[in-house]
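These notes concern the structure reproduced below.
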Amino acid sequence: MALAACGGPRSDGGDWTSYGRSADESRFSPGNQITSDNVDRLGLSWAFTLDEPGGLEATPLAIDGILYFTAANGTVYAADVLSRKILWKYDPQSWKVSPRMIRGFEPVNRGLAYWQGKLFLGAFDGRLIAIDARNGREIWQTSTLDGDGPHSRKTITGAPRAFNGKVVIGQGGADWGTRGYLTAYDANSGKKLWRFFTVPGRPGSDENDPAMKMAAKSWSGEWWRWGGGGTPWNAITYDPELNRLYIGTGNASVYDPRLRSPAGGDNLFLASIVAVDVDTGRYIWHYQVNPREAWDYKATTDMTLAEAEIGGKRRKILMQAPTNGFFYVLDRETGRVISAEKLGKVTWADKIDLKTGRPVERPGIRYESGPVTIWPGTIGAHNWQAMAYSPQTKLVYIPYMQLPTTFTSTPEDAQALADLTLDKTKMRFGIGATFRSAVIDKEDGKGALLAWDPIGQKAAWRVPRKYLWNGGILTTGGNLVFQGTADGNFEAFSADQGKLLWSFKAGNGIIAPPISFAARGKQYIAVLAGYGGASAAGSKLFDTGWRYGIHPSRLLVFSLDGKEKLPQTQPPSVAVTIADDPKIVIDQAAAKRGAKIYSQTCRICHGAGAAATGPTAPDLRASGATLDYAVFRDVLNGALVERQMPRFDDLSDDEMRSIFMYIRSEARHPGSTGEVKQSNGS
């Protein structure tokens with residue numbers, strides 16, 4: 001495989017101007033001033049502490065020595081690396097625009113796009129905003145949710161992509177009952193140019209859309225009542241050679257295919273890679289990694305473009321490691337699968353049939369005959385955390401994970417879904433199934449930094465990780481691979497052999513991907529440190545001891561011979577001081593009702609059993625606001641919305657009181673009201 005490495009013998013790497021640095025989304029920087037021979041001299045150059053909580057997932061952009069990055073709530077910062085100053089700050093104030101919608105999932109933002117002096121932000125509330133990169137002033141904004149009505153459940157968490165005068169963005173929200181689409185806008189005016197829907201709508205609504213008419217043949221029943229899903233919330237790759245855009249689509253809404261499409265069908269374009277024309281949005285081809293998706297599997301992970309010598313022929317390829325545990329190499333001209341192999345433990349399928357392109361599935365995996373446990377689970381073998389590809393080593397570097405999930409679907413699940421569907425004004429988490437994760441195999445709940453040979457379809461080397469939810473990857477021309485970890489280490493490895501060469505304690509967990517860039521001819525490495533994301537909704541397997549209000553989120557910038565010291569930070573701790581008032585009499589029946597409502601409304605941020613697993617939100621068992629029902633009710637009605645606590649004014653007083661009783665019960669007797677469903681959001 002060959003991609004021409006940029007830069008001369010002593011390259012500084014230049015700017016980092018888009019999400020994956022270049023159109024191929026390789027996350028390879030040619031910068032080689034920092035190498036495997038001198039990386040032990042790498043030191044902290046600047047640490048900037050953010051004044052807002054939340055998990056940091058963004059890829060910073062670097063242009064002429066200025067870093068542009070986003071916080072969890074979409075606040076944009078411009079930072080001068082040389083003067084170590086914040087030049088300006090832009091707050092989209094999503095809490096004001098949509099105080100309900102910010103509950104969609106624990107608010108996150110994966111970064112910005114840049115085009116001819118303008119930055120583009122996808123706000124959590126669904127707006128696309130153009131910002132002047134010089135001064136942070138808003139140029140234009142447009143809602144990407146036109147036609148969805150006042151109770152839209154869509155959110156934006158991913159980074160836009162900008163090219164050729166266009167900016168494109170998708171959205172998330174499948175677990176809340178939405179229909180996916182990706183939209184292209186004019187970069188100068190914000191005018192909508194075209195929109196590609198990823199699943200069909202109500203019969204008769206897509207008569208002028210050949211792609212949707214084709215896709216509708218693979219559905220049955222009344223799937224549109226739950227939106228269908230397929231939201232393209234992360235992966236978008238632009239191919240300038242073929243003038244195409246590749247869209248990675250998400251999971252189903254709802255999970256159990258018997259509820260959404262009872263007569264069968266593959267349900268296009270769920271869990272698919274779809275190629276469309278850049279200028280018109282016209283469908284070209286698709287490849288579906290999981291026909292009739294039923295497990296929260298998705299193709300929303302990075303898609304990397306390259307060229308490869310395969311069977312004596314030079315081919316243009318697309319590489320992806322979606323959540324289902326296989327690594328795919330596709331011919332990007334035709335969409336046909338060239339090869340696909342398991343990255344680790346995968347039990348839902350034996351292999352991918354290369355003649356048909358379809359998985360050879362194991363029986364009973366759609367829990368049609370009762371509960372079934374499969375690897376990987378909903379979290380995936382690889383999720384949104386960025387992988388990277390080096391044209392020097394010809395290896396792909398992947399943040400790998402192992403955790404199974406047990407799925408089942410009962411009449412109670414179907415009834416709960418029907419209840420949610422009756423009132424469209426209520427915003428609840430509804431999937432039509434129950435799923436739980438547990439440690440079964442000795443490697444479950446752990447991760448790895450995996451170097452993968454995409455042509456040989458085998459591992460080149462592997463670094464085990466103690467925890468599951470680790471950071472994205474950067475690889476450089478200095479024979480280096482950088483990754484942050486859940487337990488707060490930022491590390492550099494030799495790209496060819498996987499040898500640990502350097503490590504730095506970051507004072508918080510890292511899930512964001514690093515970048516390499518230059519300022520005045522000097523190479524720098526930057527990363528955002530702030531644990532969170534889907535870990536907030538997970539079990540104690542995700543708890544690495546980082547706590548709300550104790551462990552701040554930061555921008556970290558490194559250079560050779562950097563001499564700065566990280567501000568003093570408390571060590572991680574899983575201990576929590578529980579708050580209680582013995583005068584509160586717990587209504588156990590209400591607490592049991594509250595367990596279900598909490599799962600649908602609160603768990604995504606505050607964790608299972610009201611026990612927070614990260615620094616993005618407070619542990620409700622320790623919060624004084626949960627000791628006084630009147631205060632608790634005011635908070636749910638929006639008293640703290642400006643501090644990113646969503647408004648839950650669609651809950652009745654009885655529902656609020658039931659949640660209150662559930663939290664108090666968990667504080668005194670954890671687990672006494674039974675388990676709640678695990679959720680894993682976009």
To the nearest 0.5 Å, how far apart are CG in D302 and OH in Y389? 15.0 Å
Using the side chain to side chain contact (heavy atoms under 4.5 Å, CB included) definition, which of the options L193, V168, I169 pairs with Y185? I169
For the residue pair F120 and W140, categorise the inter-ring angle as parallel (less than 30°), tilted (30 to 60°) or perpendicular (more than 60°). tilted
Gap separating the CG atom of L242 from the CG atom of L305, nearest 0.5 angstrom: 8.5 Å
Between the side chain of Y19 and the main-chain N/O of A58, is any donor-acceptor distance below 3.5 Å? no
So, do P359 and W348 sit near enough that their side-chain heavy atoms are less than 4.5 Å apart? yes
Do N251 and D175 get their side chains close enough for a donor-acceptor pair, meaning under 3.5 Å? yes
Side chains of P92 and I129: closer than 4.5 Å at any heavy-atom pair? yes
Do you see a donor-acceptor pair shorter than 3.5 Å between the side chains of D279 and N243? yes
For the atom pair NZ (K213) and CG (N208), what is the distance rounded to the nearest 0.5 Å? 8.0 Å
Between M319 and Y328, does the side chain to side chain contact (heavy atoms under 4.5 Å, CB included) criterion hold? Intermediate values first, please. CA-CA 6 Å; M319 300 178 287; Y328 294 81; over 6 Å; no
Can you confirm whether the side chains of S26 and T304 place a donor and an acceptor under 3.5 Å from each other? no
Begin from the C-alpha positions of T406 and V372 and carry the test side chain to side chain contact (heavy atoms under 4.5 Å, CB included) through to its verdict. CA-CA 5 Å; T406 299; V372 61; over 6 Å; no
Using a strict cut-off of less than 4.0 Å between a Lys/Arg side-chain nitrogen and an Asp/Glu carboxylate oxygen, indicate whether E57 and R110 qualify as a salt bridge. yes
Assess whether atom CZ of R362 is packed by more than 12 heavy atoms of other residues, nucleotides or ligands within 6.0 Å. yes
So how far is it from W223 CH2 to R202 CZ, rounded to the nearest 0.5 Å? 10.0 Å
Return the minimal non-hydrogen interatomic distance between V108 and F124, and the atom names on each side. O-CD1, 4.0 Å
When you check the side-chain N and O atoms of Q457 and W452, is any donor under 3.5 Å from an acceptor? yes
Taking the six-membered ring of Y181 as reference, does the NZ or CZ atom of R195 fall below 6.0 Å from its centre and within a 45° cone about the axis? yes
Mind checking whether L56 and I511 have side chains closer than 4.5 Å, heavy atoms only? no
Report the residue from D266, D350, D353 that forms a salt bridge (charged side-chain N to carboxylate O under 4.0 Å, His left out) with R358. D266
What about Y246 and W285, are their ring centers closer than 6.0 Å? yes
Side chains of Y598 and H606: closer than 4.5 Å at any heavy-atom pair? yes
Give the C-alpha distance, both sets of side-chain angles, the deciding distance and a yes or no for side chain to side chain contact (heavy atoms under 4.5 Å, CB included) between T178 and T155. CA-CA 10 Å; T178 63; T155 58; over 6 Å; no
In this structure, NZ of K342 is separated from CD1 of I352 (nearest 0.5 Å) by 9.0 Å
W295 side chain near Y255 side chain, heavy-atom distance below 4.5 Å: no
Please determine, by modelled atom types, if S94 and D125 share a side-chain donor-acceptor pair under 3.5 angstrom. yes
Atom of T59, atom of R27 and distance for their closest heavy-atom approach: OG1-NH2, 2.9 Å
Are K596 and E412 close enough for a salt bridge, meaning some N to O gap below 4.0 Å? no
Step by step, would you call I273 with Q320 a side chain to side chain contact (heavy atoms under 4.5 Å, CB included)? CA-CA 9 Å; I273 299 169; Q320 190 190 48; 3.4 Å; yes
So, do V76 and I131 sit near enough that their side-chain heavy atoms are less than 4.5 Å apart? yes
Between S272 (side chain only) and L270 (backbone N and O only), is there a donor and an acceptor less than 3.5 Å apart? yes
Lys/Arg N to Asp/Glu carboxylate O, D239 vs R332, below 4.0 Å: yes
Hey, could you give me the CD1/OG1 distance between I156 and T231, rounded to the nearest 0.5 Å? 11.5 Å
Looking only at heavy atoms, the pair that brings G230 and T198 closest together is O-OG1, 2.8 Å
Ion pair check, E222 and R260, cut-off under 4.0 Å: no
Examine the side chains of D296 and T378 and answer whether a donor and an acceptor come within less than 3.5 Å of each other. no
Does a side-chain heavy-atom distance below 4.5 Å link L245 with F196? no
Of the non-hydrogen atoms in A235 and A299, which two are nearest, and what is the gap between them? CB-O, 4.2 Å
Going by an N to O cut-off under 4.0 Å, is there a salt bridge joining D186 and K192? no
Regarding K316 and E241, does a basic nitrogen lie under 4.0 Å from an acidic carboxylate oxygen? yes
Test applied, side chain to side chain contact (heavy atoms under 4.5 Å, CB included); reference residue, P160; option that passes from I236, T144, L112, V167: V167
Checking N383 against K298: is there a side-chain donor and acceptor pair closer than 3.5 Å? no
Electrostatic pair R315-D331, nearest N-O below 4.0 angstrom: yes
The side chain to side chain contact (heavy atoms under 4.5 Å, CB included) partners of A215 (sequence neighbours excluded) come to P200, M212, L268, F269
Do side-chain atoms of Y297 reach the backbone of G377 as a donor and acceptor pair under 3.5 angstrom? no
Determine, for F197 and R179, whether the Lys NZ or Arg CZ falls below 6.0 Å from the six-membered ring centre while staying within 45 degrees of the axis. yes
Where the side chain of T300 meets the backbone of N234, is there a donor-acceptor pair that is under 3.5 Å apart? no
Examine the side chains of T408 and T434 and answer whether a donor and an acceptor come within less than 3.5 Å of each other. no
Output, in order, the C-alpha distance, side-chain angles, deciding distance and verdict of salt bridge (charged side-chain N to carboxylate O under 4.0 Å, His left out) for E341 and K351. CA-CA 7 Å; E341 292 293 339; K351 64 178 182 179; over 6 Å; no
Contact check, side chains of W233 and Q171, non-hydrogen atoms, under 4.5 Å: no
Nearest heavy-atom pair of T373 and P404: which atoms, and what distance? CG2-CB, 4.0 Å
If I compare all heavy atoms of P454 with all of V396, which pair ends up nearest, and what's the gap? CG-CG2, 4.1 Å
Under 3.5 Å donor-acceptor, D209 side chain and A211 backbone: yes
Are D277 and Y283 close enough, and set up right, to give a side-chain hydrogen bond (donor to acceptor under 3.5 Å, both in side chains), and what steps lead you there? CA-CA 7 Å; D277 181 82; Y283 165 88; over 6 Å; no
